[in-house]
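Keep in mind that the numbers below use all heavy atoms, side chains included, and drop hydrogens, waters and symmetry copies. For ligands, and for the atoms within them, numbers begin at 1 and follow the listed sequence.
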Amino acid sequence: MKKKIAAILAVMMIVLAFAGCSSGNKKTSATIKKAGKLVIATSPDFPPFEELQGDGSVVGIEIDIMNLIAEKLGVELVIEQMDFDSVLPGIQAGKYDVGVSGISVTEKRQKNVLFTDPYCLAAQAIVVNEGSEIASKADLEGKKIAVQTGTTAETFCMDNGYDVSSYQANSDAETALVTGKVDAWVIDDLTAADMVKAYNATNEQKLVILGDAMTTEPYAFAFTFGSEELVADINKIIKDLIKDGTIASIFEKFEAPYTQPQV
Ligand code: ARG
């Protein structure tokens, strides 16, 4: 009898511990407002969405959007910087409130985090050195390709059997291409456009973005499971910002073409 009671108590304690964990991690509008801040996790090597400035500040399309969301919630925006492959694990563990990193929604990621509705559509692009023999996706066969660790570009290239070299920072993937360590670099199209423009403006040697986009990927913001109510509130804000043209005007400010998802 005693053993039975002990066993029941043990099971109850485990159940309570789990319940405690999840309720401690989940975010609601009330917990955010009480804390007075919205803490975002970001990898600021992804212009024009998030880019680290010389003075240590981070600017970009997603930072502008997040500032508007924080303002609507009446809280301060706090930016935590990290490598891209730490963003989603940090959100999953409830360490930060929201993942903001040009994150593409995928079925696999949906098993680990809760996404808002997408606010834009993007694609993967192929970047090569000017004069490269690679002219299209078909020419990538057997070539060495640089990608950023933990990205959809990495998954896509690995799944397609390409010879992939992964780099923690996008700038290192770019350097690998210009120094000839790899033959091509696969990266999201708008970031490719921004980084290639900046590189070509200051270098003799030129980079070229190939015409054929590899995928279509919706970008959204990521939350820990259990934050459904907060995500619903933020979805309403995003919907309004899309409908009233605010998001399109933020893209315009950063000179990036905007592809709106269905709303
Ligand atoms: N959209 C791609 C993905 O979700 C790449 C995102 C990279 N973001 C960054 N801030 N470096 O995997």
Decide whether [X] and [Y] meet the rule of one side-chain donor and one side-chain acceptor closer than 3.5 Å.
X      : Y      : value
Glu62  : Thr42  : no
Thr149 : Glu154 : no
Asp45  : Gln148 : yes

Decide yes or no for Tyr119 and Tyr219: does some side-chain heavy atom of the first lie under 4.5 Å from some side-chain heavy atom of the second?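 Side-chain contact under 4.5 Å: yes.
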Would you say the ring centroid of Phe156 lies under 6.0 angstrom from that of Tyr162?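 No - the distance between ring centres of Phe156 and Tyr162 does not fall below the 6.0 Å cut-off.
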Looking at every heavy atom in both Phe115 and Arg109, which two are closest together, and how far apart are they? CE1-CB, 3.7 Å
Just the distances, no angles: every ligand 1 N or O to protein N or O pair closer than 3.5 Å, one line each.
from, atom 1, to, atom 2, distance (Å)
ligand 1, 1 (N), Gly102, O, 2.7
ligand 1, 1 (N), Ser104, OG, 2.8
ligand 1, 1 (N), Asp188, OD2, 2.6
ligand 1, 4 (O), Ser104, N, 2.8
ligand 1, 4 (O), Ser104, OG, 3.3
ligand 1, 4 (O), Arg109, NH1, 2.7
ligand 1, 8 (N), Ser101, O, 2.8
ligand 1, 10 (N), Ser43, O, 2.9
ligand 1, 10 (N), Ser101, O, 3.3
ligand 1, 10 (N), Ser101, OG, 3.4
ligand 1, 11 (N), Asp45, OD1, 2.8
ligand 1, 11 (N), Gln148, OE1, 2.9
ligand 1, 12 (O), Arg109, NH1, 3.4
ligand 1, 12 (O), Arg109, NH2, 2.8
ligand 1, 12 (O), Thr152, N, 2.7
ligand 1, 12 (O), Thr152, OG1, 3.3

